[in-house]
Amino acid sequence: MTTRKRKKSLLLLPPHSESPGDQTDGKTPKRSVQCQSSESVHKSLSFSPYFSTRDDAVRLTSSFFDQPCAHLAKEFLGKVLVRKLADGTELRGRIVETEAYLGGEDKASHSAGGKRTERNTAMFMKPGTIYVYPIYGIYLCMNVSSRGEGAAVLLRSLEPLSGQDVMRGLRVAKRKEGAKTLKDKELCNGPSKLCQALDLRRCFDRRDLAIDTDVWLERDQGDDAVCCREVVSAPRIGVESHGEWATKPLRFYLRGHPCVSVLNREAERQMGSQSCMDSSGLGL
DNA sequence: GGTGCGATCGCCT
DNA sequence: GGCGATCGCACCG
């Protein structure tokens with residue numbers, strides 16, 4: 001899987017580089033982020049086949065984030081992540097997949113063993129603090145700290161609700177010229193994809209999701225659709241090398257949702273008629 | 001559709 | 001100097 005070669009191919013832009021609209025080399029086409037009209041943003045609002053939306057969305061405050069990690073990871077499902085760009089455009093996506101990283105004893109966590117470094121400092125900050133870190137040299141992932149020393153929730157997938165055209169522009173900017181057009185469900189179906197689509201950069205690291213003016217979380221009617229039976233608990237992705245912690249069901253996603261990055265049919269089959277309150281095996 | 005592989009570089013030991 | 005909470009693409013059936 002891993003290669004040691006370091007060719008100087010530039011198929012992808014580093015995610016932590018300035019977005020294409022900010023680039024000054026004159027070679028990259030400007031995307032539409034800076035100039036999309038409010039009308040086009042309104043048009044891009046699409047009705048979700050899975051949830052309904054309404055105008056009385058409520059921003060989530062600090063108290064919401066102060067929950068045990070795995071519990072918060074499940075609570076995130078159905079909530080709406082909002083990203084307000086510099087030009088006022090609001091990008092919205094409903095969270096449909098998360099992972100809990102418990103810190104301390106959790107060997108798959110960046111903060112395993114209570115290890116605190118410059119990079120993972122945000123994991124130890126107050127619940128609701130954003131932790132953005134680079135991975136594989138070219139991608140970013142976004143977490144939100146929870147209650148518990150070094151604990152955080154990784155946001156893995158969103159269902160795009162508004163601003164899809166802008167998201168597509170941000171995603172396309174990172175892909176090879178001539179690549180096929182991305183479907184809406186492909187815009188945010190992965191932890192690094194959602195960072196690209198929402199233009200979440202490293203500068204968001206250590207910012208407070210409860211009070212920030214550029215990114216926040218909302219609760220809306222979508223919550224009503226996230227009944228217990230729809231939540232699948234499965235082992236986390238990409239942590240196979242961490243022994244028993246690799247098998248713990250700390251990934252949560254909405255069953256049957258097309259925007260989930262990786263399905264776990266085995267976990268879904270095992271759910272059966274079991275309540276999700278039990279299926280994690282963690283007494284959540 | 002599923003699978004395998006290469007890309008790429010910051011962080012950590 | 002090794003590794004990694006990923007992704008896109010080519011290839012195959």
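C:dT6 atom P lies 6 Å from atom OH of A:Tyr133, rounded to whole Å. Taking atom CD of residue A:Gln196 and atom P of nucleotide C:dT6, one finds them 13 Å apart after rounding to whole Å. In this structure, A:His110 places its NE2 atom 9 Å from P of C:dT6, rounding to the nearest Å. As rounded to whole Å, 12 Å separates atom P of C:dC3 from atom OH of A:Tyr136. Going from atom CG of A:Leu102 over to atom C1' of C:dA5 covers 13 Å, rounded to whole Å. Distance, A:Arg236 CZ to C:dT6 C1': 16 Å, rounded to whole Å. The interatomic distance linking A:Lys248 (NZ) with C:dA5 (P) rounds to 18 Å, in whole Å. In this structure, CG of A:Asn189 is placed 13 Å from P of C:dT6, rounded to the nearest angstrom.
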Can you list the steps and then say if A:Leu155 with A:Ile95 is a side chain to side chain contact (heavy atoms under 4.5 Å, CB included)? CA-CA 7 Å; A:Leu155 304 186; A:Ile95 298 171; 4.0 Å; yes

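At distances below 3.5 Å, not a single donor-acceptor pair connects side-chain atoms of A:Asn189 with backbone N or O atoms of A:Ser157. The closest donor-acceptor contact from the side chain of A:Arg83 to the backbone of A:Leu198 lies under 3.5 Å. Remark: the backbone N or O of A:Glu268 is paired with a side-chain donor or acceptor of A:Arg255 at under 3.5 angstrom.
Between the CZ atom of A:Arg171 and the OG1 atom of A:Thr181 there is a distance of 12.5 Å, given to the nearest 0.5 Å.
Relative orientation of the A:Phe64 and A:Phe76 rings is tilted, given thresholds of 30° and 60° on the angle between their planes.
Pairing analysis of DNA chain C (Watson-Crick: purine N1 to pyrimidine N3 plus N6-O4 or O6-N4; G-U wobble: N1-O2 and O6-N3; both under 3.5 Å) yields stems of 3 or more pairs at B:1-7 with C:6-12, B:9-12 with C:1-4.
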Hey, what are the protein-to-nucleotides 11-13 of chain B N/O distances that come in under 3.5 Å?
residue, atom, partner, partner atom, Å
B:dC11, OP1, A:Arg202, NH1, 3.1
B:dC11, OP1, A:Arg202, NH2, 3.2
B:dC11, O3', A:Arg119, NE, 3.4
B:dC12, OP1, A:Thr117, OG1, 2.4

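Across all strands shown, A:Leu154 has heavy atoms under 4.0 Å from base atoms, whether or not it also approaches the sugar-phosphate. Residue contacts for A:Met123: at a heavy-atom cut-off of 4.0 Å it reaches a base atom on one of the strands shown.
Put simply, the side chain of A:Ser111 reaches to within 4.5 Å of the side chain of A:Phe124, judged on heavy atoms.
Each of A:Lys193 and A:Val239 has a nearest nucleotide on DNA chain C; the 5'-most of these lies closest to A:Val239. With DNA chain C read from its 5' end, the first of the two nearest nucleotides for A:Leu182 and A:His242 is the one closest to A:His242.
Taking the side chain of A:Ile138 as heavy atoms from C-beta on, and the options C:dC7, B:dA7, C:dA5, the nearest nucleotide is B:dA7.
Every pair passing salt bridge (charged side-chain N to carboxylate O under 4.0 Å, His left out) that includes a residue from residues 121-149 of chain A is listed here, sequence neighbours excluded: A:Asp66-A:Arg147, A:Lys126-A:Asp208.
Phosphate contact (OP1/OP2 of C:dC7, side-chain N/O of A:Arg171, threshold under 4.0 Å): absent.
The salt bridge (charged side-chain N to carboxylate O under 4.0 Å, His left out) with A:Glu218 is formed by just one residue from the set A:Arg92, A:Lys84, A:Arg94; it is A:Arg92.
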